[in-house]
S.K.: 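Can you keep this structure in mind? I'll have questions shortly.
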Amino acid sequence: MIALHMIAPEKQKSPPAAGAPAYSGVLLKISGEGFCPPGEFGIHREQLDRVAGEIMTISQLGVQIAVVVGGGNFLRGATHAADLGIELATADYMGMLATVLNALALQEALERQGKQVRVQSAFQISRVCEPFIRRRAIRHLEKGRVVVLAAGTGNPHVTTDSCAALRACELRANVLLKATKVDGVYSADPKKDPSARLYHKLTYNEVIDGRLRVMDVSAVDVCQQHNVPIVVFNLFTPGTMRRVVLGEDLGTFVGP
Ligand code: UDP
């Protein structure tokens, strides 16, 4: 019997019972900046433990969780290629390696809080983690383990946003949760423009045509094609991730 994936979106149509999660399987995208205080670099213990704690709160709801981690707290290919005078593809591979650092740290932090975790990498680093194998990832999720996906897609010239969209579809997540440092998608940068308006709901096309800075356009396009909604929410406000998974109307919902 093939019952290997997270529950498909079409099975989620009836509203969840009170206290039950709105999504049975989530793909969580955490940028590198989620692992350190705003404006800093690297991994900071307090922030790492906080992120792990937030993931624990949704894990306790019985939700299947796959996490795609970024690497921008160490290195972003496009920026560093120019700075270091190296080829973009090489800088991108360095960026992908940076995501592995975050993945390993997150694994340990979650394990400290009692959660079983498997890290899977898009390219072979067999001494430290498993390779990404879709059916194996699904099996881990079924067993209640958190699966942390490292090294992005394994290909240069894209970002971990694209990886998150692809893996959300592949693992048939009900939603892509995009953790950010602001409350959702705004009409302008809220840190620079006090009149910036927070959008509560957007369509995929509004995001793509309006070039709103939610995620890479290609990532939104993939979600649209496969009907995976995106919720953009604030990682730095404690409890928000859990409230979103419980179906509260927080952050910005991007859908059909
Ligand atoms: N990267 C890549 N291919 C991928 C994912 C990531 O080449 O599939 C590289 C790219 O250089 C990127 C870096 O890894 O800048 C770190 O990822 P990202 O910028 O998405 O991290 P985030 O901004 O989410 O922290």
Side-chain angles (χ1 to χ4, degrees), residues 26-44 47-48 50-52 54-55 66-107 109 119-125 129 131-134 137 147-171 176-182 184-185 189 191 212-223 230-236 241 251 254:
V26 305
L27 189 299
L28 173 66
K29 160 72 206 290
I30 302 180
S31 293
E33 63 194 13
F35 294 97
C36 55
E40 306 245 4
F41 286 93
I43 303 172
H44 291 235
Q47 188 56 24
L48 175 67
R50 253 187 26 73
V51 169
E54 294 288 324
I55 295 173
V67 188
V68 167
V69 286
N73 53 329
F74 290 108
L75 194 143
R76 282 200 181 92
T79 318
H80 283 78
D83 289 354
L84 303 175
I86 50 179
E87 275 221 41
L88 179 57
T90 305
D92 279 339
Y93 280 112
M94 291 163 70
M96 286 183 256
L97 287 169
T99 72
V100 179
L101 305 183
N102 289 329
L104 295 178
L106 182 60
Q107 178 179 41
V119 176
Q120 294 199 343
S121 167
F123 50 58
Q124 287 274 358
I125 326 175
C129 59
F132 173 68
I133 297 172
R134 173 176 175 267
V147 177
V148 181
L149 299 164
T153 59
N155 298 304
H157 308 302
V158 286
T159 70
T160 51
D161 278 357
S162 296
C163 173
L166 292 168
R167 300 291 185 247
C169 301
E170 226 177 323
L171 299 174
L176 194 169
L177 300 180
K178 159 99 175 161
T180 69
K181 53 187 176 182
V182 291
V185 184
D189 184 347
K191 300 229 188 283
L212 295 169
R213 297 254 216 99
V214 181
M215 307 181 88
D216 300 347
V217 169
S218 56
V220 179
D221 187 48
V222 167
C223 288
I230 305 166
V231 180
V232 184
F233 71 98
N234 195 333
L235 178 68
F236 289 84
M241 195 189 299
V254 182

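Just so you know, ligand 1 is whichever comes first in the structure, and atom 1 is the first atom listed for that ligand. One-based numbering along the sequence shown. We use all heavy atoms of the structure for the numbers below, so side chains are in, but hydrogens, waters and symmetry mates are not.
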S.K.: Test: side-chain hydrogen bond (donor to acceptor under 3.5 Å, both in side chains). Region: residues 87-98. Which pairs qualify, not counting sequence neighbours?
M.R.: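 For residues 87-98: none.
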S.K.: Considering residues at least two apart in sequence or located in another chain, which fulfil the side chain to side chain donor-acceptor pair (under 3.5 Å) criterion with Asn102?
M.R.: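 Per chain and number, Asn102 pairs via side chain to side chain donor-acceptor pair (under 3.5 Å) with Asn73.
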S.K.: Please examine the side chains of Leu28 and Met241, heavy atoms only from C-beta on, and report whether any two atoms are closer than 4.5 Å.
M.R.: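 The answer is yes; the side chains approach within 4.5 Å.
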S.K.: Just to verify, what does Asp189 make a salt bridge (charged side-chain N to carboxylate O under 4.0 Å, His left out) with, not counting sequence neighbours?
M.R.: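 For Asp189, the residues satisfying salt bridge (charged side-chain N to carboxylate O under 4.0 Å, His left out) (neighbours in sequence not counted) are Lys192.
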S.K.: Would you check if the side chain of Arg167 reaches a backbone N or O of Val68 as a donor-acceptor pair within less than 3.5 Å?
M.R.: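 Here the side-chain-to-backbone pair does not exist.
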S.K.: Can any side-chain N or O of Gln120 pair as donor or acceptor with the backbone N or O of Cys129 at less than 3.5 Å?
M.R.: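 The answer is no, because no donor-acceptor pair under 3.5 Å joins these two groups.
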S.K.: Short N or O contacts of ligand 1 with protein, under 3.5 Å, listed by atom name?
M.R.:
unit_1   : atom_1 : unit_2 : atom_2 : d
ligand 1 : 1 (N)  : Val158 : O      : 3.4
ligand 1 : 3 (N)  : Asn155 : O      : 2.7
ligand 1 : 3 (N)  : Val158 : O      : 3.1
ligand 1 : 7 (O)  : Val158 : O      : 3.3
ligand 1 : 8 (O)  : Thr153 : N      : 2.7
ligand 1 : 8 (O)  : Thr153 : OG1    : 2.6
ligand 1 : 11 (O) : Gly77  : N      : 2.9
ligand 1 : 11 (O) : Asp92  : OD1    : 2.5
ligand 1 : 14 (O) : Met96  : N      : 3.4
ligand 1 : 15 (O) : Gly77  : N      : 3.1
ligand 1 : 20 (O) : Thr160 : N      : 2.9
ligand 1 : 20 (O) : Thr160 : OG1    : 2.5
ligand 1 : 21 (O) : Gly71  : N      : 3.0
ligand 1 : 21 (O) : Gly72  : N      : 3.4
ligand 1 : 23 (O) : Arg76  : NE     : 2.9
ligand 1 : 23 (O) : Arg76  : NH2    : 2.9
ligand 1 : 24 (O) : Lys29  : NZ     : 2.8
ligand 1 : 24 (O) : Ser31  : OG     : 3.3
ligand 1 : 24 (O) : Thr160 : OG1    : 3.2
ligand 1 : 25 (O) : Gly32  : N      : 2.6
ligand 1 : 25 (O) : Gly71  : N      : 3.2
ligand 1 : 25 (O) : Gly72  : N      : 2.7

